[in-house]
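Note that the coordinates shown come from a computational prediction; the quantities given were computed from them, not determined experimentally.
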Amino acid sequence: MDNIRNRAWRLSQNKCKKHQSGRAKDDYRGEKNWKMLYTRGDKLARAVQLGIEYPRISNSQRTLKAMEEA
């Protein structure tokens, strides 16, 4: 029985595969933290990209603003 792929070979292959999957995770950085965006202009630009309202307005302020416009 002349089998080259023994237990040592399997262990070394598993180690190599683990390192490759670790590299793939590092490519995705996720969303930026709002605390890391220092200036107001940066925060406004990021809010436009995300499609959210910034600065956030409470419901009571929103209703007062709507009543003033009407």
Practice task
Verify side chain to side chain contact (heavy atoms under 4.5 Å, CB included) between R10 and K15, making sure each step is shown before the conclusion.
Solution key: CA-CA 9 Å; R10 289 192 306 270; K15 283 183 183 178; over 6 Å; no
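Rounded to the nearest 0.5 angstrom, I57 CD1 and T63 OG1 are separated by 11.0 Å. Distance check: N6 CG to L11 CG gives 9.0 Å after rounding to the nearest 0.5 Å. To the nearest 0.5 Å, the span separating CZ on R7 from OG on S12 amounts to 12.0 Å.
Residues E53 and R62 are in side-chain contact: their nearest non-hydrogen atoms beyond the backbone lie under 4.5 Å apart. Between Q49 and R46, some side-chain heavy-atom pair lies under the 4.5 Å cut-off. Considering only heavy atoms from C-beta on, K43 stays 4.5 Å or farther from P55 through its side chain.
Using a 4.5 Å cut-off between side-chain heavy atoms of Ile, Leu, Val, Met, Phe, Trp and Tyr, with links allowed through other members, L50 and V48 fall into different hydrophobic clusters.
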